[in-house]
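Have a look at the structure below before the remarks.
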Amino acid sequence: MNKLENKKILLVICGGIAAYKSLELIRLFKKMGASVKTVLTKNAQKFVTPLSITSLSQDKVYYDLFSHENESEMDHISLSRWADLILIAPITANTISKLSYGLADDLATTLILASNKKVFLAPAMNVRMWEHPSNKKNVNKLVDYGYNFIGPEIGDMACGEYGEGKMTEPENIINIIIKYFENLSKNKKLTALVTAGPTHEMIDPVRFISNKSSGKQGYEIANSLKNNGFETTLISGPTNLSPTNGINFIKVNTAEDMLNKCLECLPVDIAIFTAAVADYRVKKIHNQKIKKQEKLKLDLEQNVDILKHVSNHNSLRPKLVIGFAAETNNLRENSIKKLLEKNCDWIISNDVSNPEIGFNSENNKVSIFYKNQVEENLPKMSKSAIANEISNKIISYFN
Ligand code: CTP
């Protein structure tokens with residue numbers, strides 16, 4: 001019964017007729033053993049009273065960003081750090097819009113912007129508002145930012161119209177949250193290794209062979225896995241990115257370093273190779289800077305294929321090995337070839353000839369090829385949304 005024992009839920013209630021359902025949410029959270037702190041927006045106070053919330057949550061209600069009382073006891077940062085999870089139910093079109101622009105003009109939006117926690121959103125609004133292109137655009141933006149939507153559902157509305165826009169019933173919201181925490185504790189037992197970024201293969205003290213990889217997709221995957229409870233190690237070549245707290249971060253320069261660090265990390269349950277490892281290194285690195293000359297000849301040798309090496313490890317092969325393929329042509333054919341040659345379970349491919357996706361861009365469009373060669377094409381999304389999709393697929397695989 002106490003499926004949410006010791007869980008700390010920060011519930012934000014926005015101003016809409018569905019706010020009355022939030023009282024039931026608080027009752028259910030408490031019944032399941034969770035602690036609940038509640039934040040009300042200004043408009044929410046017109047629909048539910050602080051007194052009814054305090055009686056149910058057995059805690060005070062927070063609603064003012066600049067209240068001395070609130071800030072001295074628990075400011076907007078401490079509130080979001082206190083929580084294991086933040087739920088906004090109901091969330092209105094107005095708050096969706098504010099979050100999509102990163103506005104922080106009240107306690108609710110400020111603490112969400114400052115939050116480092118999983119945020120679930122349960123919208124409730126009129127069907128026309130939900131379907132309005134501007135709202136749709138904002139919703140897509142929030143999905144890209146990594147927020148998780150629950151609903152809305154189709155049904156009769158308080159305004160008398162019918163359609164999509166009803167807030168999901170409290171019991172169903174609670175079940176989704178219970179499932180999330182269950183997955184989190186299951187995933188905690190699983191270890192994941194992610195490689196990311198380019199490698200630098202030195203030619204002389206100032207020059208190296210490398211490529212255009214920014215490392216962003218790999219960092220997003222590591223972040224999403226960590227957020228879903230996986231014990232995550234990120235081995236990264238040189239990038240301008242910083243890993244988020246909670247990730248075991250190992251920085252390397254060359255393909256050889258990356259290989260050695262990967263082998264030191266084994267055994268792991270999942271290994272995801274997003275790194276754009278330089279295929280070649282210079283046989284003999286020059287100690288001094290090479291002077292300009294008419295014809296420069298570099299003697300190259302091939303680096304070890306880290307993915308292939310790990311996926312063919314006879315005793316420590318991870319249970320799930322995922323490779324990436326950066327292609328400019330014949331995506332399907334080349335991806336399946338890599339899947340088979342490198343003995344991967346999945347290959348995630350992207351077309352790097354298109355400058356709007358792939359290297360150095362915010363967005364990506366990938367296809368996943370499974371061991372049975374079935375192909376799944378995902379739509380163009382932000383790299384963080386792709387990372388969340390991949391994490392969800394990994395969670396389903398282990399379930
Ligand atoms: N990879 C690796 N070690 C290497 C080369 C590649 O681990 N020395 C991994 C990448 O991290 C990626 C996959 O292999 O998951 C495919 O990388 P990609 O560069 O697309 O393919 P290559 O094997 O290098 O083949 P090609 O450059 O001919 O496309």
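Every heavy atom of this structure was used, including side-chain atoms; hydrogens, water molecules and symmetry mates were not. Whatever order the structure lists ligands and atoms in, that order sets their numbers, starting from 1.
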Open item on the list: Could you work out, for atom 5 (C) of ligand 1, the closest of N334, T274, D279 by heavy-atom distance?
Closed with: D279
- [ ] Identify which of L307, L339, V321 has a heavy atom lying nearest to atom 7 (O) of ligand 1.
- [x]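 Among L307, L339, V321, the closest heavy atom to atom 7 (O) of ligand 1 comes from L307.
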Is the closest N or O pair between [X] and ligand 1 shorter than 3.5 Å?
{"X": "K338", "result": "yes"}
{"X": "V277", "result": "no"}
{"X": "A326", "result": "yes"}
{"X": "F273", "result": "yes"}
{"X": "A276", "result": "no"}
{"X": "T195", "result": "no"}

Open item on the list: Please list, in number order, the atoms of ligand 1 under 4.0 Å from a heavy atom of G323.
Closed with: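 Close to G323: 15 (O).
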Salt bridge flag under 4.0 Å for residues [X] and [Y]:
{"X": "K261", "Y": "E264", "answer": "yes"}
{"X": "K371", "Y": "D345", "answer": "yes"}
{"X": "E220", "Y": "K216", "answer": "yes"}
{"X": "D59", "Y": "K37", "answer": "yes"}
{"X": "E169", "Y": "K21", "answer": "yes"}
{"X": "E231", "Y": "K188", "answer": "no"}
{"X": "D144", "Y": "K141", "answer": "no"}

Using heavy atoms and a 4.0 Å limit, tell me yes or no: is [X] in contact with ligand 1?
{"X": "K342", "result": "yes"}
{"X": "A255", "result": "no"}
{"X": "A325", "result": "yes"}
{"X": "V304", "result": "yes"}

Write out the residue and atom name of the closest protein heavy atom to [atom], then the distance separating them to 0.1 Å.
{"atom": "atom 1 (N) of ligand 1", "result": "D305 OD1, 3.8 Å"}
{"atom": "atom 13 (C) of ligand 1", "result": "F324 O, 2.9 Å"}
{"atom": "atom 11 (O) of ligand 1", "result": "A275 O, 2.6 Å"}

Task: Stepwise side-chain hydrogen bond (donor to acceptor under 3.5 Å, both in side chains) test for N377 and S367 - done: CA-CA 4 Å; N377 298 305; S367 302; 2.7 Å; yes
Open item on the list: Could you walk me through whether E301 and R281 satisfy the salt bridge (Lys or Arg N to Asp or Glu O under 4.0 Å) test, starting with their C-alpha distance in whole Å, then the side-chain angles of each, then the deciding distance to 0.1 Å, before giving a yes or no?
Closed with: CA-CA 6 Å; E301 62 187 350; R281 63 168 173 248; 3.1 Å; yes
Task: Side chain, backbone, both or neither: K308 near ligand 1, heavy atoms under 4.0 Å - done: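 K308 to ligand 1: no contact under 4.0 Å from either part.
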Open item on the list: Please work out, at 4.0 Å between heavy atoms, whether the side chain, the backbone, both, or neither of I306 comes within that distance of ligand 1.
Closed with: both
Open item on the list: With a sphere of 6.0 Å drawn around CD of Q288, does it hold more than 12 non-hydrogen atoms of other residues, nucleotides or ligands?
Closed with: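 No, because the 6.0 Å sphere around CD of Q288 holds 12 heavy atoms or fewer from other groups.
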Open item on the list: Aromatic contact between Y180 and F120, with the criterion being ring centroids under 6.0 Å apart: yes or no?
Closed with: yes
TODO: Check whether the side chains of Y145 and S384 place a donor and an acceptor atom closer than 3.5 Å, and report yes or no.
DONE: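 There is no such pair (donor and acceptor under 3.5 Å, judged by atom type) between the side chains of Y145 and S384.
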Open item on the list: When you measure from atom 25 (O) of ligand 1 to the protein, is at least one non-hydrogen atom found at a distance under 4.0 Å?
Closed with: yes
Open item on the list: Please tell me if atom 19 (O) of ligand 1 is touched by the protein, where touching means a protein heavy-atom distance below 4.0 Å.
Closed with: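 No; the ligand atom in question lacks any protein heavy-atom contact below 4.0 Å.
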